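Have a look at the structure below before the remarks.
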Amino acid sequence: MIDIKLIRENPEIVKDNIRKKFQDDKLALVDEVKKLDEDYRNLRVEVDELRAKRNSGAKEIGKLLKNGLKEEAEQLKQSLATMGSQIEELEATEKKLEVEIRNIMFTIPNIIDKSVPIGKDDSENVEVERFGEIKEKNFEIPYHTDIMNNFNGIDIDSARKTSGQGFYYLMGDIARLHSAILAYARDFMINKGFNYHIPPFMIRSDVVTGVMSFAEMENMMYKIEVEDLYLIGTSEHSMIGKYIDTITPDIKMPLTLTSYSPCFRKEVGAHGIEERGVYRIHQFEKQEMVVICKPDDSMNWYEKMWRYSVELFLSLGIPVRQLECCSGDLADLKIKSCDIEAWSPRQQKYFEVCSCSNLGDAQARRLQIRLQGEDGKKYFAHTLNNTVVAPPRMLIAFLENNLNEDGSLDIPVALRPYMGGQDKILKK
RNA sequence: GGAGAAAUACCCAAGUGGUUGAAGGGGUCGGUCUUGAAAACCGAAAGGUCGUGUGAGCGGCGCGUGGGUUCGAAUCCUACUUUCUCCGCCA
């Protein structure tokens, strides 16, 4: 959500930005909302004047009554009553305009960073850099669920029975590996100075509508029946929700947070649930990083954050690449974003495992997350988020890259303390 | 889950329908005293947000949140949220 002042003063910047994102159908909205905003402000002046009159009139009645002038007071009451209904009418229009303006402002994309490559859709995303050495395997890598099966590590059939498609039982060493990776990721971020959080896994509807669009909500969020609660789709929801309507002294910035949570997603639309495996599922777990900082600092943090993901994956023997989101693929709230993709030796290609985003002040403006300088001035924070690691999807990359020809799995040094010291787990 | 009490500015707190942006403290800032500080005393300012104006300013909204009653609401009604106390239940 951008500042409407930008539309008042510099609509061309906003339109250019829309063109860069190939959303030309939204161009007309700029002039439309500009006009609505003018109407709104003119109306405000009118209503405010009336309200001022009513207020002073009401005070006058108080005085008259005090002086025992009942007749005059009654007369004044009459005239104020008619003014009251007039005000009510205008207020209805005022409210309507406010809602219309807000709705349009939600759909106008944030101004993208000048470094973002221009492109229509995800096919034009740009590979920036590759990290880690790809070790060619001279044997065939099985599908990830088959690898898991070799360790008696997964039971999807039973999960289908208990919960339907898109669920899984992880078992034995694979389940332990899953927990180990999360624990390692947690400590990895703590060692980077991030503050570890376990947030609520359910949030109220007002937080939900605050942190996401209506469409997103429909496609992602599970609602708890009877209660006003939703299962979170990512801990970002509860982590950002924590700061809604807050003013924090800016000397406390940056807030570097890392949070663990299970994530629940309906996955309606998009690609849907893949039948086989744990690539896209209704329930997974995720270690997340969230940074709230001063505007000047957000690009530095963006760079640091995606690099943390790279470092973590490399430390687990998984080659990755950074893929920068082009303008057309960038979500409307974001000013810059990239994916970290892990190498799949089986598919001989990279696939998404982390997504790092700088939202600029758009999220903060929408949620009123403000900072206060030592001079007392208040301004909107910048917010960023990135995946640290999200198993079981991450396990796909882990298993494929650390698999040996004899079916055993190497446990990288970093992970061994979390796996009871084992350097290898063996096929069952 | 049941019963009761409560929510006022940075903090504590007064205020039950009429100049209440909201008494009084604390804190903050300045001064006196002191080598410096503390204490004490004297004095002062500011307090959210939006609109409007070049500007000093003017005005709207605002006392947990949303509705309502009224010419007028911090004050009355209502729903919700949260906190505290007691009872019940439970990892």
Side-chain angles (χ1 to χ4, degrees), chain A residues 1-9 33-106 198-211 223-230 237-238 241-253 262 361 364-381:
Chain A
M1 191 172 175
I2 61 168
D3 192 343
I4 196 157
K5 278 187 198 141
L6 191 60
I7 288 181
R8 279 180 208 158
E9 288 157 15
V33 79
K34 190 161 181 279
K35 175 77 172 64
L36 286 171
D37 177 54
E38 273 163 30
D39 292 349
Y40 168 73
R41 284 183 296 148
N42 289 336
L43 186 68
R44 263 298 298 274
V45 173
E46 196 183 332
V47 188
D48 282 357
E49 265 170 26
L50 278 176
R51 283 195 272 234
K53 268 189 209 162
R54 180 180 62 183
N55 289 346
S56 60
K59 274 178 191 164
E60 192 58 33
I61 290 177
K63 274 187 208 162
L64 290 174
L65 287 175
K66 214 169 246 174
N67 297 329
L69 301 167
K70 268 201 172 152
E71 284 288 313
E72 288 85 339
E74 276 310 315
Q75 269 183 359
L76 195 46
K77 263 193 205 181
Q78 296 283 323
S79 70
L80 286 186
T82 50
M83 189 187 286
S85 50
Q86 200 184 342
I87 290 173
E88 249 171 72
E89 264 174 52
L90 293 176
E91 274 174 345
T93 318
E94 186 188 13
K95 208 155 207 171
K96 198 177 122 231
L97 282 173
E98 250 172 75
V99 171
E100 280 175 40
I101 290 168
R102 203 172 160 76
N103 286 344
I104 294 178
M105 289 308 287
F106 279 154
I198 297 179
F201 302 154
M202 298 183 208
I203 51 176
R204 288 222 176 93
S205 58
D206 58 340
V207 179
V208 176
T209 51
V211 297
K223 178 158 179 22
I224 306 296
E225 253 186 85
V226 186
E227 309 279 327
D228 176 32
L229 285 172
Y230 288 78
H237 296 155
S238 12
K242 187 178 182 216
Y243 295 94
I244 291 178
D245 268 325
T246 55
I247 299 170
T248 314
D250 64 4
I251 43 166
K252 290 196 178 160
M253 295 298 116
D361 67 3
R365 174 170 296 106
R366 190 169 163 183
L367 302 175
Q368 296 292 307
I369 300 171
R370 287 181 296 170
L371 305 181
Q372 187 166 31
E374 276 169 314
D375 58 1
K377 285 230 171 70
K378 297 182 192 71
Y379 57 98
F380 291 112

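Residue numbers begin at 1 in each chain, while the letters A, B, ... track the order of the sequences. Hydrogens, waters and symmetry mates play no part in the numbers below; they use all other heavy atoms, side chains included. Please read these numbers as outputs of a predicted model, since none were measured by experiment.
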In this structure, CD of Glu49(A) is separated from CD1 of Ile87(A) (nearest 0.5 Å) by 11.5 Å
From the candidates U49(B), U81(B), G18(B), the one with an atom nearest any side-chain atom of Ala58(A) is G18(B)
What contact category does Lys53(A) fall into here, base, sugar-phosphate, or nothing, at under 4.0 angstrom with non-hydrogen atoms?
nothing
dist Phe106(A):CZ -> Asn103(A):CG (nearest 0.5 Å) comes out at 7.0 Å
Check: Between G88(B) and G26(B), how far is it from one C1' atom to the other, in whole Å?
Finding: 41 Å
Ranking G59(B), G67(B), C61(B) by distance to the side chain of Asp48(A), first place goes to G59(B)
Re G17(B): Watson-Crick or G-U wobble partner, both distances kept under 3.5 Å, found to be none
Among the nucleotides U82(B), G60(B), U52(B), whichever has the atom closest to the side chain of Arg204(A) is U82(B)
When both distances are under 3.5 Å in a Watson-Crick or G-U wobble arrangement, the nucleotide paired with C10(B) is G26(B)
Judged by whether its glycosidic angle lies within 90° of 0, G24(B) is anti
By the Watson-Crick or G-U definition, both distances under 3.5 Å, A91(B) is matched with none
Practice prompt. Name the nucleic acid region contacted by Lys95(A), choosing base, sugar-phosphate or nothing; use a 4.0 angstrom heavy-atom cut-off, strictly under.
Written response: sugar-phosphate
Quiz item: In whole Å, what separates the C1' atom of A46(B) from that of C10(B)?
Solution: 12 Å
Taking a pair to mean Watson-Crick or G-U wobble geometry with both distances below 3.5 Å, U54(B) pairs with none
Reckon Leu76(A) touches a base, only the sugar-phosphate, or nothing at all at heavy-atom distances under 4.0 Å? nothing
Pairwise P distance, U75(B) and A6(B) [rounded to whole Å]: 15 Å
Between the CD atom in Glu94(A) and the CG atom in Asp48(A), the distance rounded to the nearest 0.5 Å is 7.0 Å
Per atom distances to the Ala52(A) side chain, the nearest of U52(B), G59(B), C71(B) is G59(B)
- Message: So, does Arg8(A) get its side chain near the phosphate of G51(B), meaning an N or O under 4.0 Å from OP1 or OP2?
- Response: yes
Return no unless some side-chain N or O of Asn55(A) is found under 4.0 Å from OP1 or OP2 of C61(B). yes
Does this structure show an ion pair linking Glu98(A) with Arg44(A), if we count only N-O contacts that are shorter than 4.0 Å? no
Between CZ of Arg41(A) and C1' of U49(B) the distance, given in whole Å, is 17 Å
| message | Can you check the distance between U16(B) and C63(B), where both ends of the measurement are the C1' atom (answer in whole Å)? | response | 14 Å
| said: Ignoring hydrogens and geometry beyond distance, is the side chain of Arg44(A) in donor-acceptor contact with the base of C50(B) at under 3.5 Å? | reply: yes
